[in-house]
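Heads up, the thing below is written out as structure tokens.
Quantities reported herein were computed from a predicted structural model and do not represent experimental measurements. Numbers for residues simply follow the sequence, beginning at 1.
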Amino acid sequence: MQNSYSKIIYRQFFRNNWSIIVVILLTPLLLHAVLPILPTHDDWAAASKPDFNPFFIKERFLFYGYHWRPFDAIIGWIVGRNPQVLWPTFNHYVVVIGHAICAYTVFQLLTTLLFERLAKNIAVVYFFLAPATMATASAIDSMNQVYALIFGITSFLFYIKQKKIKYVTWIITIVIATWWKENGLMWALIGPILAYGFDFIDKQRLKKDICIGIGVMATYALAIFLLPKDIIIHPEYEPGLIKMVNNFIKFVFTTFITTDYIYLLHKPSRNLWIALISFLLTVPFLYYTFIRNYRRFLSKEMVCTIFCMIIAVGPHLGTIFSMMHTYAGMAMLAIIIAYTIQHSQQQVKMLSISFLLFCISAIIINIHLIKSSIYSGLIGKQMAQEAVKKTGKPVKKVYVIIIEDEYPKLSSFCVIPNEAFGWGYAVKYETNYKWPEVIQDTTINRTPQALMKAKKIGHNILNCQSFDCIWIVNHKSIDVIKR
């Protein structure tokens, strides 16, 4: 009798929480898959890279470039203690474990919004497996994106569940989310709007709490203004109408349309047949959750949720948007999926089959995305090893001349070789940051005479300036000019 009762309890627990069990089982596999990914592109410049700055508090923890991301800075300080051992391994652990925690917070979010077990479990597994999250889950510098969403969702849970200290806990967690990444501040608006959409507050409370949220945002802006800083805005981050339209189109496709974007968009890797097959496998689930239930999107809950999704990714739509930035809106997408499943009249069997097909496609796409990221990182490592070998001995100051590469890239999966090389910083990593101490770089246009021009510039720099050698980056090859 006792055994039968225990079996019933375990069966009930599994039926209610099977998505969390799936996430726990898949997390070690995801971590094992991404650990070989090496730094490329933004990883060489992010605050979460190894940091040896003696003025850490002022120049990293308080403010860094045009960002205020103290938790990134702490990660950089930690991996800087032993970069060859900790970087990027420690970063991968932080990101992947954070992604699993984020899936759990999405589960709690859907539970709080009173979704039934089938709807919320499917939505959580979708969130964890969707290729739309893989640019974040497989990246080295994306912990800010992951933990900003974790604390953003947590701020909403405090906002809904707390009574006496509701506003204190709400604001504190919003600030923590924002210290991870700036779009965490958007939860100062998302909280009241989403709560209103699901009838946790009335219109009068919505207006008051929106004012409080705007006050939080204004206070943060004032703090940024008062902090010691030296802000140089990169041209890629300057807003523009055409850029916003293009970014919005990218957002819609990467969020709602699941396909292998490497095979679809990356010209050297293009295979439209495989891209089409990966998309067709996801069409049944797309039909059951979005197309078939399009009228549901006019409900108060969905209008508010979609509005919150746009707010969540808003900072990226106005500046720069890549596949990594889709992550900020994925919690709202999970709500949309759960809502359409719960309020539709479809058969459970057909829904389950369509979701299984989606999962098969997602896993295949994710494997390809991760393998491409590994390959990009290995290119940078091989170029660094070539530079070390041709340089022959440690040098103090290096000037890097990059011949502009027309090789196409795609997000963090397919990276241009010179960006995988990190403009020379891959060599610092390869030598355990022992040399070179100083790296400066410039880029010249690619022409038939570009290599000859680069060598001429290199010889002039060696003759006139105090550099020890020149590295000329020509696609995947490195030419070295020594004194």
Side-chain angles (χ1 to χ4, degrees), residues 22-46 48-49 72 75 79 86-103 106 125-150 180-181 250 254-255 258-266 269 278 316 320-331 333 359 361-381 409-416 419-420 422 426 429:
V22 170
V23 168
I24 292 171
L25 292 176
L26 290 180
T27 297
L29 296 177
L30 177 59
L31 181 60
H32 176 74
V34 304
L35 278 177
I37 296 176
L38 296 171
T40 61
H41 190 42
D42 284 351
D43 302 325
W44 300 113
S48 56
K49 72 181 185 302
D72 267 15
I75 298 293
V79 296
L86 296 176
W87 198 60
T89 302
F90 180 75
N91 299 55
H92 283 309
Y93 271 91
V94 172
V95 171
V96 173
I97 292 173
H99 184 48
I101 295 171
C102 199
V106 169
V125 174
Y126 182 99
F127 171 86
F128 188 79
L129 276 183
T133 67
M134 199 46 55
T136 296
S138 65
I140 292 168
D141 68 334
S142 62
M143 66 282 297
N144 48 44
Q145 192 77 50
V146 173
Y147 288 89
L149 184 55
I150 290 173
W180 276 107
K181 193 165 186 177
K250 290 179 186 177
T254 55
T255 302
T258 300
T259 186
D260 192 321
Y261 282 100
I262 293 178
Y263 285 133
L264 181 65
L265 300 177
H266 190 242
S269 310
S278 66
H316 303 302
I320 185 170
F321 190 90
S322 70
M323 292 178 71
M324 177 186 292
H325 300 127
T326 304
Y327 200 87
M330 288 301 291
L333 182 61
C359 290
S361 179
I363 290 171
I364 294 172
I365 293 170
N366 290 342
I367 290 172
H368 185 214
L369 297 178
I370 291 171
K371 283 186 175 180
S372 298
S373 296
I374 293 172
Y375 177 71
S376 288
L378 287 175
I379 289 175
K381 183 177 179 65
K409 66 178 180 178
L410 180 69
S411 189
S412 58
F413 304 118
C414 303
V415 178
I416 299 173
E419 293 182 351
Y429 176 72

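- Contact detail for Ala135 and Ala139: the closest heavy-atom pair is O-CB, 3.3 Å.
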### Message
Before you tell me yes or no, could you show the steps for Val23 and Phe127 under side-chain contact (heavy atoms from CB on, under 4.5 Å), namely the whole-Å CA-CA distance, both residues' side-chain angles and the distance that decides it to 0.1 Å?
### Response
CA-CA 10 Å; Val23 168; Phe127 171 86; over 6 Å; no

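- The backbone N or O of Val415 sits less than 3.5 Å from a side-chain atom of Ser376, completing a donor-acceptor pair.
- The distance from atom CD1 of Ile97 to atom SG of Cys102, rounded to the nearest 0.5 Å, is 14.0 Å.
- Shortest non-hydrogen contact noted between Ala137 and Val34 is O-CG1, 4.3 Å.
- With hydrogens and angles ignored, the 3.5 Å screen pairs a side-chain donor or acceptor of His325 with a backbone N or O of Ser322.
- For the residue pair Asp260 and Ile365, the shortest heavy atom distance occurs at N-CD1, 3.7 Å.
- Within the structure, side chain to side chain donor-acceptor pair (under 3.5 Å) contacts touching residues 86-101 (residues at least two apart or in different chains) are His99-Tyr327.
- Nearest heavy-atom pair across Trp44 and Ala426 is CH2-CA, 3.4 Å.
- Between Phe413 and His266, a ring centre-to-centre spacing not shorter than 6.0 Å is recorded.
- What you find for Ile150 and Gly98 is that their closest heavy atoms are CD1-O, 3.3 Å.
- Contact record, Ile37 with Ser138: CD1-O, 3.4 Å, taken as the closest heavy-atom pair.
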### Query
Between Met324 and Asp141, is a side-chain contact (heavy atoms from CB on, under 4.5 Å) present by the stated rule, with each step listed?
CA-CA 10 Å; Met324 177 186 292; Asp141 68 334; 3.7 Å; yes

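- The closest side-chain heavy-atom distance from Ser48 to Met143 is below 4.5 Å.
- Formation of a donor-acceptor pair under 3.5 Å by the Asn366 side chain with backbone atoms of Met134 is not found in this model.
- For the atom pair Ile379 CD1 and Ile416 CD1, the distance stands at 11.0 Å (nearest 0.5 Å).
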### Message
Set out, in order, the CA-CA distance, both residues' side-chain angles and the distance that settles side-chain contact (heavy atoms from CB on, under 4.5 Å) for Val146 and Trp180, then state yes or no.
### Response
CA-CA 9 Å; Val146 173; Trp180 276 107; over 6 Å; no

### Task
Test side-chain contact (heavy atoms from CB on, under 4.5 Å) on Phe128 and Val106 and set out the steps.
CA-CA 10 Å; Phe128 188 79; Val106 169; over 6 Å; no

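- Looking at Ser278 and Ser361, their side chains never bring a donor and an acceptor atom within 3.5 Å of each other.
- With sequence neighbours left out, the side chain to side chain contact (heavy atoms under 4.5 Å, CB included) criterion links Leu29 to Leu26.
- Distance alone, capped at 3.5 Å, is enough to place a donor-acceptor pair between the Thr326 side chain and the Met323 backbone.
- For the side-chain contact (heavy atoms from CB on, under 4.5 Å) with Ile140, the qualifying choice from Val94, Val79, Asp43 is Asp43, the only one to do so.
- Within the model, atoms CD1 of Ile374 and OG1 of Thr40 stand 12.0 Å from one another, a figure rounded to the nearest 0.5 Å.
- Of the inter-residue distances, the one linking Leu410 atom CG with Leu369 atom CG reads 8.5 Å to the nearest 0.5 angstrom.
- Summarising the geometry, atom OG belonging to Ser412 is positioned 11.5 Å from atom CD belonging to Glu419; distances are rounded to the nearest 0.5 Å.
- Here the OH-OG distance, from Tyr263 to Ser372, works out to 7.5 Å after rounding to the nearest 0.5 Å.
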